[in-house]
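These notes concern the structure reproduced below.
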Amino acid sequence: MGKKIVIVGGVAGGASAAARLRRLDESAEITMIERTGFVSYANCGLPYYVGGVIPEKKSLTLQTPQSFKSRFNIDVRVSSEVTGIDRENKRVSVKNLADGSEYALDYDKLILSPGARAMVPDTPGVESRRVLKLRTVEDALELRRRVEEERPERAVVIGGGFIGLEAAENLMEAGVKVTLLQRSEQVLPPLDWDMACELHSHMREKGLDLRFKHAVESYEETENGIRVHVKGRESIDCSFVVLAVGVVPESELARAAGLELGPKGSIMVDSHMRTSDPDIYAVGDAVPVADPVTGALKLTPLAGPANKQGRIAADNICGIPSEYRGTLGSTVIKVFDLTAACTGLNEKAAKSAGVKYETIVGYWGNHAGYYPGAQNMLVKALFDPDTGRILGAQIVGPAGVDKRIDVFATAIRAGLTGDDLAELELAYAPPYGSAKDPVNMCGFMIQNIRAGLVKQFHWDDVAGLPRDGSVTLLDVRNPGEYAAGHIDGAINIALDGLREHLGELDRSRPVYVNCFSGMRSYIACRILAGNGFDVYNLSGGWRFYSLTQQGRADNDHYPCGERK
């Protein structure tokens with residue numbers, strides 16, 4: 001007989017470890033214990049099942065106990081819970097949740113893949129049967145049953161993270177009116193606020209009742225539903241609530257067994273996925289991972305890292321010295337007709353870690369503009385101003401977002417610089433991209449900034465610029481664009497006539513230039529710099545600046561409801 005290996009938890013990390021173990025060791029005795037009734041399922045697909053985009057329940061199930069047994073000869077026991085770990089005798093206690101019976105299992109190596117559970121704040125009334133979660137297959141089945149059988153008019157989603165947004169969109173897809181409450185001033189915390197503004201406007205246009213600075217005080221069941229009481233705001237009546245305020249590591253087993261714990265109660269592991277007990281490994285949402293840029297530990301509950309960690313734990317158990325080298329947190333999400341994606345550091349994370357950075361913002365088409373159907377996407381990248389190394393990226397747009405964020409993720413992992421981005425040879429044909437891809441354009445911008453060819457100012461610098469004549473604010477868009485909206489105090493000289501009007505500008509004053517996206521204003525900056533002016537280009541242009549101003553206005557004017 002080979003090694004006895006017990007795996008606690010399935011889904012991504014545990015199931016991946018089990019399959020890899022079998023491929024490496026045909027003689028191992030592998031047992032996987034899963035508390036729910038489903039051992040391997042598409043967790044990320046659950047919201048789309050609720051909305052009917054994924055119509056069949058069976059589509060969510062990737063493997064069953066029977067398929068694991070027939071293909072991998074792995075003993076999978078669902079509806080079973082490991083209740084304790086006896087490290088000295090290398091034994092776990094297991095409870096059959098179906099009949100309540102208990103038994104023990106010996107192990108040579110133990111893999112913990114308990115995942116994370118939905119966070120449930122201690123809010124009065126939160127135990128109501130009308131306050132639902134969306135974490136497991138069972139949760140999704142119950143939520144879809146409510147939608148189909150009760151035909152609810154309105155639901156409230158608490159939390160604007162990935163699960164909250166996907167739940168809101170899919171409930172609306174199913175015909176339910178949705179109010180989304182968020183304690184902070186933005187959705188999707190991995191994005192910076194300025195990038196999230198693009199999503200806020202789009203979601204309100206789609207009919208989502210999006211409310212910021214809303215903290216729930218209590219839940220009160222009513223005759224036909226539930227009432228959500230919000231601190232300092234109006235109460236909201238609805239059929240049910242979906243609670244999506246984050247997750248916390250399931251580390252109770254590890255804690256009780258005396259294993260070393262990390263941030264937020266997570267299970268500490270080394271780069272080989274070993275815990276403080278060399279015979280126990282841990283993978284998935286319950287373990288902290290290192291940020292490859294800063295080295296700081298963080299929790300990143302994503303399927304991709306969990307799958308890789310499961311494979312690495314299996315490798316090490318079988319004598320292959322594999323290492324996990326951290327998580328960038330690369331993510332992408334569909335938000336109605338937009339896609340949002342990010343990888344690496346955002347500004348909040350960089351400031352928190354004390355990392356020196358500069359940003360660039362651009363607005364480019366997903367493919368050649370002359371080919372029909374081109375759609376622009378907003379791109380923001382962070383880089384080290386001293387070395388040019390890429391630190392992070394965020395993209396929001398209708399198309400082409402996933403392709404570019406994957407290039408950025410690869411660039412950050414490889415330690416590439418702006419110079420490297422400029423040189424990347426990316427596939428091009430008019431239906432798919434441009435000869436100078438947006439990724440290349442980011443590289444060009446970083447090169448220009450580091451070479452001193454252009455100096456930047458940002459949207460949040462505009463309000464602080466003096467309007468006393470000591471500086472010149474110059475808008476180089478066409479007169480019609482300028483008339484439709486412009487920065488307070490800016491004068492208008494269109495780019496194509498700029499050289500003829502240089503005499504109207506004072507060379508002793510710094511000139512702050514903007515256009516729509518930053519491209520024409522960059523050309524203007526080069527013209528002005530070549531004629532002895534001290535010039536600054538508005539990063540992201542009028543388009544990005546006006547987006548942030550609209551975002552502030554919406555938060556002020558529509559704090560308690562959808563756009564009127």
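- With hydrogens and angles left out, the side-chain atoms of Thr36 and Glu34 include a donor and acceptor closer than 3.5 Å.
- The number of heavy-atom neighbours closer than 6.0 Å to NZ of Lys95, taken from other residues, nucleotides and ligands shown, is 12 or below.
- Using a 4.5 Å heavy-atom cutoff, the side chains of Glu205 and Ser201 are in contact.
- Geometric assessment of Arg144 against the ring of Tyr49 yields a positive cation-pi assignment under the 6.0 Å and 45° thresholds.
- Taking all atoms of both residues into account, the shortest heavy-atom contact from Gly160 to Leu180 is CA-CD2, 4.0 Å.
- A ring pair (Phe, Tyr, Trp, His ring centres under 6.0 Å) with His200 is found for exactly one of Phe212, Trp193, Phe336, namely Phe212.
- The closest side-chain donor-acceptor pair between Asn376 and Trp364, if any, does not fall under 3.5 angstrom.
- Look at Asp285 and Arg135 and you find a salt bridge, because one of the NZ, NE, NH1 or NH2 atoms lies within 4.0 Å of a carboxylate O, short of that distance.
- Taking 4.0 Å as the cut-off between side-chain N and carboxylate O, Glu234 and Arg211 count as a salt-bridged pair.
- Here the closest heavy-atom approach between residue Thr31 and residue Arg77 is recorded as CG2-NE, 3.7 Å.
- If you take CG on Leu338 and CD1 on Ile395, they are separated by 13.0 Å, rounding to the nearest 0.5 Å.
- Side-chain N/O atoms of Thr179 and Arg154 include a donor and acceptor closer than 3.5 Å.
- The pair Arg35-Glu81 meets the salt-bridge criterion, since a charged nitrogen lies less than 4.0 angstrom from a carboxylate oxygen.
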Steps toward salt bridge (Lys or Arg N to Asp or Glu O under 4.0 Å) verdict (Lys298, Asp291): CA-CA 7 Å; Lys298 61 182 181 179; Asp291 186 301; 3.1 Å; yes

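- The pair Glu252-Arg255 does not count as a salt bridge, with every side-chain nitrogen at least 4.0 angstrom from each carboxylate oxygen.
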Stepwise salt bridge (Lys or Arg N to Asp or Glu O under 4.0 Å) check, Glu150 with Arg130: CA-CA 12 Å; Glu150 298 181 7; Arg130 291 188 177 273; 3.8 Å; yes

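- At a threshold of 4.5 Å between non-hydrogen side-chain atoms, the residues Tyr281 and Val269 do not count as touching.
- The side-chain heavy atoms of Leu345 and Val355, taken from C-beta on, include a pair separated by under 4.5 Å.
- When all heavy atoms are compared, the tightest approach of Val126 to Val131 is O-CB, 3.6 Å.
- Applying side-chain contact (heavy atoms from CB on, under 4.5 Å) to Thr275 and the options Leu261, Leu259, Val287, Leu110 leaves one that passes, Leu259.
- Of the inter-residue distances, the one linking Phe408 atom CZ with Cys442 atom SG reads 4.0 Å to the nearest 0.5 angstrom.
- In Lys213, the NZ atom is not crowded: 12 or fewer heavy atoms of neighbouring residues, nucleotides or ligands sit closer than 6.0 Å.
- Atom CG of Asp406 and atom OG1 of Thr343 lie 8.5 Å apart (nearest 0.5 Å).
- For Lys231, the NZ atom is loosely surrounded, since the number of other residues' heavy atoms within 6.0 Å does not exceed 12.
- Contact annotation: the side chain of Trp542 never approaches that of Leu547 to less than 4.5 Å [non-hydrogen atoms, C-beta and beyond].
- Here the two rings, on His458 and Phe544, have centers that are 6.0 Å apart or farther.
- Remark: the His229 side chain and the Ser235 side chain contain an N/O donor-acceptor pair separated by less than 3.5 Å.
- Residue Asp237 holds its CG atom at 10.0 Å from CG of Asn224, rounded to the nearest 0.5 Å.
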Worked check of side chain to side chain contact (heavy atoms under 4.5 Å, CB included) between Ile226 and Glu220: CA-CA 6 Å; Ile226 190 167; Glu220 176 191 358; 5.8 Å; no

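- Summarising the geometry of Val178 relative to Met172, their closest heavy-atom pair is CG2-CG, 3.5 Å, with the distance given to 0.1 Å.
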Verdict with supporting geometry, Asp437 and Arg404, salt bridge (Lys or Arg N to Asp or Glu O under 4.0 Å): CA-CA 9 Å; Asp437 190 85; Arg404 275 73 184 199; 2.8 Å; yes

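- The distance from atom OG of Ser113 to atom CD of Glu250, rounded to the nearest 0.5 Å, is 11.0 Å.
- By the 4.5 Å heavy-atom criterion applied to side chains, Tyr324 and Lys308 are counted as neighbours.
- Salt bridge annotation for Glu347-Lys380: present, with a cationic side-chain nitrogen under 4.0 angstrom from a carboxylate oxygen.
- The CG atom of Leu297 lies 12.5 Å from the NZ atom of Lys264; values are rounded to the nearest 0.5 Å.
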Stepwise side chain to side chain contact (heavy atoms under 4.5 Å, CB included) test for Gln309 and Val289: CA-CA 10 Å; Gln309 292 162 10; Val289 292; 3.3 Å; yes

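- In this structure, Val94 and Thr83 have side chains that are not in contact, with every pair of non-hydrogen atoms separated by 4.5 Å or more.
- Other residues, nucleotides and ligands contribute only 12 or fewer heavy atoms inside 6.0 Å of the CZ atom of Arg183.
- Contact record, Ala286 with Pro249: CA-CB, 3.9 Å, taken as the closest heavy-atom pair.
- In the displayed structure, Glu221 atom CD is contacted under 6.0 Å by more than 12 heavy atoms of other residues, nucleotides or ligands.
- Within 6.0 Å of the NZ atom in Lys177, the count of heavy atoms belonging to other residues, nucleotides or ligands does not exceed 12.
- In plain terms, the two heavy atoms of Ala118 and Val247 that are nearest each other are CA-CG1, 4.2 Å.
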Steps toward salt bridge (Lys or Arg N to Asp or Glu O under 4.0 Å) verdict (Arg543, Glu198): CA-CA 11 Å; Arg543 200 242 177 222; Glu198 185 89 37; 2.6 Å; yes

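- Considering only heavy atoms from C-beta on, Val283 comes within 4.5 Å of Ile111 through its side chain.
- Checking Gln186 against Ser184 by side-chain atom types alone, no donor-acceptor pair falls below 3.5 Å.
- Contact of the Leu188 side chain with the Thr331 side chain is not registered, since no non-hydrogen atoms from C-beta on lie closer than 4.5 Å.
- For the residue pair Gln394/Asn346, the side-chain donor-acceptor check at 3.5 Å is not satisfied.
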